[in-house]
K.L.:
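Quick one: the structure is below, questions incoming.
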Amino acid sequence: MNPFTEKAIQIIKSIPQGKVMTYGQIAKVAGSPRGARQVVRVLHSMSANYNLPWHRVINAKGEIVIADEESAYSQKAMLKEEGVKFLANGRVDLKESRYDLNVAEEDWI
DNA sequence: AATTTGACATATA
DNA sequence: CTATATGCCAAAT
């Protein structure tokens with residue numbers, strides 16, 4: 001694994017309940033500002049193995065754009081359970097629920 | 001090894 | 001707001 005993937009996993013695991021992060025943010029913090037898609041891959045591929053809270057990862061608009069409707073529905077339900085605020089549009093309130101994370105490099109791994 | 005593929009982002013019109 | 005285009009990089013095939 002490259003550092004990016006490792007960091008991405010750590011970051012995702014560190015997202016607290018009631019908070020969400022965007023793909024772009026995770027990628028950026030993990031070291032690749034344009035690696036949003038890798039975050040997607042990491043999630044989908046590693047979620048089963050690493051027990052990642054994939055449901056706390058959404059796109060930059062706060063909208064759930066997941067291909068699987070069941071997954072999207074579950075995600076929304078879980079987020080609501082955790083206290084994430086949803087707007088009337090069905091979007092997550094990023095202003096309130098986005099988890100801004102600053103990495104100190106050595107703290108990870 | 002080479003090519004395709006993604007739970008996407010950002011820019012531009 | 002929608003639509004189209006382009007970039008991006010690791011995992012999967």
Side-chain angles (χ1 to χ4, degrees):
Chain A
M1 287 301 200
N2 62 26
F4 170 78
T5 305
E6 296 286 332
K7 280 191 177 183
I9 292 170
Q10 294 294 331
I11 292 164
I12 294 164
K13 281 172 61 178
S14 72
I15 302 174
Q17 290 194 345
K19 292 285 184 177
V20 295
M21 277 192 86
T22 68
Y23 297 102
Q25 268 290 281
I26 293 171
K28 187 173 173 184
V29 175
S32 291
R34 288 96 187 148
R37 305 192 222 186
Q38 276 49 267
V39 176
V40 171
R41 282 222 145 276
V42 168
L43 273 176
H44 220 172
S45 188
M46 307 298 187
S47 60
N49 302 327
Y50 287 77
N51 192 18
L52 301 177
W54 59 270
H55 54 268
R56 293 182 201 140
V57 183
I58 58 180
N59 72 353
K61 299 171 200 150
E63 179 70 36
I64 296 177
V65 209
I66 302 177
D68 309 310
E69 290 191 23
E70 293 181 359
S71 297
Y73 187 82
S74 300
Q75 179 177 26
K76 190 172 164 188
M78 281 188 276
L79 290 176
K80 285 179 85 170
E81 279 282 325
E82 295 180 352
V84 175
K85 288 168 64 177
F86 276 83
L87 302 178
N89 320 357
R91 299 182 196 157
V92 174
D93 188 353
L94 286 176
K95 292 181 182 303
E96 298 297 330
S97 301
R98 189 172 69 173
Y99 180 49
D100 293 322
L101 180 62
N102 288 348
V103 174
E105 291 287 327
E106 292 89 343
D107 291 351
W108 303 96
I109 302 178

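Per chain, numbering begins at 1; letters A, B, ... match sequence-line order. Hydrogens, waters and symmetry mates play no part in the numbers below; they use all other heavy atoms, side chains included.
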K.L.:
Between the protein and nucleotides 5-7 of chain B, list the N/O to N/O atom pairs that are separated by less than 3.5 angstrom.
P.N.:
| unit_1 | atom_1 | unit_2 | atom_2 | d |
| --- | --- | --- | --- | --- |
| B:dG6 | O6 | A:R37 | NH1 | 3.4 |
| B:dG6 | N2 | A:Q38 | OE1 | 2.5 |
| B:dA7 | OP1 | A:H44 | ND1 | 3.1 |
| B:dA7 | N1 | A:H44 | NE2 | 2.9 |

K.L.:
Using OP1 and OP2 only, check whether a side-chain N or O of A:T22 sits under 4.0 Å from B:dA9.
P.N.:
no

K.L.:
Holding to side-chain contact (heavy atoms from CB on, under 4.5 Å), I want the full list of residues that pass it with A:D93, two or more places apart in sequence or in another chain.
P.N.:
A:K85, A:L87, A:K95, A:E96

K.L.:
Please report the distance, rounded to the nearest Å, between CD1 in A:I26 and C1' in C:dC9.
P.N.:
16 Å

K.L.:
Do any pairs count as a side-chain hydrogen bond (donor to acceptor under 3.5 Å, both in side chains) and have a residue in residues 61-81 of chain A, sequence neighbours left out, and if so which ones?
P.N.:
none

K.L.:
Atom CD of A:E63 to atom P of B:dA9: distance rounded to whole Å?
P.N.:
11 Å

K.L.:
Sequence neighbours left out, what pairs pass salt bridge (charged side-chain N to carboxylate O under 4.0 Å, His left out) with at least one residue falling in residues 39-57 of chain A?
P.N.:
A:R56-A:E82

K.L.:
Using whole Å, what does the distance between atom P of nucleotide B:dC8 and atom CE of A:M21 come to?
P.N.:
16 Å

K.L.:
Between N or O atoms, less than 3.5 Å apart, protein on one side and nucleotides 10-13 of chain B on the other: list the pairs.
P.N.:
none

K.L.:
Using a cut-off of less than 4.0 Å, is there contact between a side-chain N or O of A:S32 and OP1 or OP2 of C:dA10?
P.N.:
no

K.L.:
What integer distance in Å separates A:Y50:OH from C:dA11:P?
P.N.:
10 Å

K.L.:
Taking C-beta and beyond as the side chain, do A:Y50 and A:V42 meet within less than 4.5 Å on heavy atoms?
P.N.:
no

K.L.:
Between A:N2 and C:dA10, is there a side-chain N or O to OP1/OP2 distance below 4.0 Å?
P.N.:
yes

K.L.:
For A:S97, check side chain to side chain donor-acceptor pair (under 3.5 Å) against everything at least two apart and list the hits.
P.N.:
none

K.L.:
What residues form a side-chain contact (heavy atoms from CB on, under 4.5 Å) with A:A72, not counting sequence neighbours?
P.N.:
A:I64, A:I66

K.L.:
What residues, two or more places apart in sequence or in another chain, satisfy side-chain contact (heavy atoms from CB on, under 4.5 Å) together with A:S32?
P.N.:
A:F4

K.L.:
Any pair with a residue in residues 13-35 of chain A that passes salt bridge (charged side-chain N to carboxylate O under 4.0 Å, His left out), sequence neighbours left out, goes on the list, sorted by first then second residue, please.
P.N.:
none

